[in-house]
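Report on the structure given below.
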Amino acid sequence: MSARQVTLAEVAKQAGVSLATASRVLNGSTRQVSGELSDRVLHTAEQLGYVPNASAQALARNSSSLVGLVVHDITDPYFSCIAAGVTRVAEEAGLVVVLGTTGRRPEREVELLSTLRAHRARAVVLAGSRTTDRASQSRLAAEIDAFTEQGGRVACVSQAKLGTDTVVPGNRAGGRALARALTELGHKKFAVLGGPSELVVARDRLAGFKAGLADAGVTPPVVFNGAFTRDGGYAAAMELLASKSRATCVFAVTDVMAMGAMAALRERGVRVPEDMSIAGFDDIPTLRDTVPALSTVRLPLEEMGEIAAGLVLDGGGDEARTVRVAGEVVLRASTAHN
């Protein structure tokens, strides 16, 4: 049988103070209590083994020690790397990170932010692409307004479309630079394994890649869309192979999709890069074990998480800030001269 929990009323009685005074001391109210009374309450609470109620503390302070982190899919290394950065900064500040995953459902993102608001989370980082669905974006923007009006802060790792502090990855510029680098290897026929068309990140990376090909005077790529997953990349690659495309180089808009595509090519006896070159985007850590090593656009994913956490925890100002993070083309063994 568990021991009975000591109540705040018992602490107040033992210390000889009012319940309100004990609450102000132990729940961290902004209302001041004299040093002598505060010391007496704290000493009594320690003697009795009193454990403060986190919800009561949050109400008294109008905020808690919680930092929310909302991602689309924590099993995706892109998001787990960002999460590592957010967690590191939050823990160094003595805060606790609460993780929520959306499964790429916009309505779930709104639900999670609402729940974090109810728990008076101090701040929230939303990591993941915005969608082209204006109604979903409007609902999320309204929930962000409600969260900030309560005193919380929000930062995004995505596109700057919600009026919050935002870390913006260089998706379009990265795609453009990658296309130029691949055309310099002599490739003239390209295929793209694109993500869901409603995700802005997929559109931006594809648009940048097309612009880079146009810069080099190369015809637009054939595009095969799939889910932002390993299986999505596998399925899109199988569709590419079935199309009898003459593409000599494939760009998958995420590394995870590229890994699925490489599995499909291997299964069908297509050698990389001898028969077909392939490149991804993100430079996730698991690429270290991929053979051949995958060419990609490197984003500093953990650093992006650290920057986002820093933005929501530094107090900030009234104006939304945008931090742009550039991608770096990294050519490895999966792409060869044509």
Side-chain angles (χ1 to χ4, degrees), residues 28 54 57-58 61 63-104 108-109 112-113 115-117 119-130 140 144 147-148 150-160 162 164-171 174 201 228 254-256 259 280-290 296-317 320-328 330:
Q57 288 183 327
R61 300 169 183 170
S63 72
S64 70
S65 60
L66 301 180
V67 174
L69 172 60
V70 178
V71 302
H72 290 329
D73 179 7
I74 196 60
T75 64
D76 186 327
Y78 176 89
F79 293 111
S80 56
C81 286
I82 291 173
V86 172
T87 301
R88 183 179 303 112
V89 171
E91 289 182 348
E92 287 175 356
L95 303 172
V96 177
V97 175
V98 177
L99 175 69
T101 58
T102 69
R104 300 191 186 278
R108 180 60 180 158
E109 198 169 29
L112 288 168
L113 186 54
T115 299
L116 288 164
R117 176 163 62 90
H119 285 278
R120 283 178 161 75
R122 180 174 303 187
V124 174
V125 174
L126 302 175
S129 176
R130 300 299 102 217
L140 181 58
I144 288 173
F147 186 87
T148 55
Q150 186 174 283
R153 294 185 58 80
V154 177
C156 296
V157 181
S158 61
Q159 298 78 36
L162 291 168
T164 67
D165 291 338
T166 308
V167 179
V168 181
N171 291 316
V201 62
F228 255 24
T254 72
D255 289 340
V256 172
M259 293 172 74
F281 202 117
D282 291 326
D283 199 29
I284 57 176
T286 45
L287 294 189
R288 296 168 191 160
D289 302 319
T290 302
T296 189
V297 177
R298 175 184 294 152
L299 289 174
L301 299 173
E302 284 198 28
E303 182 183 341
M304 286 158 52
E306 292 173 352
I307 294 170
L311 289 172
V312 289
L313 297 179
D314 70 359
R321 298 165 292 178
T322 299
V323 179
R324 299 190 182 278
V325 179
E328 175 192 359
V330 181

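The figures here come from the full heavy-atom set of this structure, side chains too, leaving out hydrogens, waters and symmetry mates. Along the sequence shown, the residues carry numbers beginning at 1.
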Would you sort out whether L113 and V70 count as a side chain to side chain contact (heavy atoms under 4.5 Å, CB included), showing the intermediate values? CA-CA 8 Å; L113 186 54; V70 178; 5.9 Å; no

Is any side-chain heavy atom of [Y] closer than 4.5 Å to one of [X]?
| X | Y | result |
| --- | --- | --- |
| L301 | Y78 | yes |
| E328 | D283 | no |
| L126 | V154 | yes |
| I82 | V167 | no |
| D76 | F228 | no |
| R130 | T166 | no |
| R153 | D165 | yes |
| V71 | L99 | yes |

Calculate, to the nearest 0.5 Å, the distance between atoms [atom1] and [atom2] belonging to [X] and [Y] respectively.
| X | Y | atom1 | atom2 | result |
| --- | --- | --- | --- | --- |
| S129 | Q159 | OG | CD | 4.0 Å |
| L140 | I144 | CG | CD1 | 4.0 Å |
| L95 | T87 | CG | OG1 | 11.5 Å |
| R117 | T148 | CZ | OG1 | 10.0 Å |
| T296 | I284 | OG1 | CD1 | 8.0 Å |

For residues 88-100, pull every pair meeting side-chain hydrogen bond (donor to acceptor under 3.5 Å, both in side chains), keeping only residues two or more places apart or in separate chains. R88-E302, R88-E306

How close do [X] and [Y] get, heavy atom to heavy atom, and via which atoms?
| X | Y | value |
| --- | --- | --- |
| P169 | L299 | CB-CD1, 3.9 Å |
| P77 | P285 | CB-CD, 4.5 Å |
| V157 | A308 | CG2-CB, 3.7 Å |
| G305 | V86 | O-CG2, 3.4 Å |
| A326 | P300 | O-CD, 4.0 Å |
| L162 | C156 | CD1-SG, 3.9 Å |

Given side chain to side chain contact (heavy atoms under 4.5 Å, CB included), test V325 with E303 step by step and report yes or no. CA-CA 9 Å; V325 179; E303 182 183 341; 5.9 Å; no

Counting N and O atoms only, with roles assigned by atom type, does the side chain of R298 sit under 3.5 Å from a partner on the main chain of V330, one being a donor and the other an acceptor? no

Residues in ring pair (Phe, Tyr, Trp, His ring centres under 6.0 Å) with F79, at least two apart? H72

Report the residues that fulfil salt bridge (charged side-chain N to carboxylate O under 4.0 Å, His left out) with D73, sequence neighbours left out, ordered by chain and then residue number. none

Applying salt bridge (charged side-chain N to carboxylate O under 4.0 Å, His left out), name anything that partners D255, two or more places apart in sequence or on another chain. none

Evaluate V67 against L313 for side chain to side chain contact (heavy atoms under 4.5 Å, CB included), listing each step before the verdict. CA-CA 9 Å; V67 174; L313 297 179; 4.2 Å; yes

Yes or no on side chain to side chain contact (heavy atoms under 4.5 Å, CB included) for L66 and L116, after CA distance, side-chain angles and deciding distance? CA-CA 9 Å; L66 301 180; L116 288 164; 5.7 Å; no

Return the set of residues passing side-chain contact (heavy atoms from CB on, under 4.5 Å) with T290 (not counting sequence neighbours), or none when no residue passes. M259, M262, L287

Within a reach of under 6.0 Å around CZ of R324, are more than 12 heavy atoms found that belong to other residues, nucleotides or ligands? no

Side chain to side chain donor-acceptor pair (under 3.5 Å) against R104, all qualifying residues, sequence neighbours excluded: none

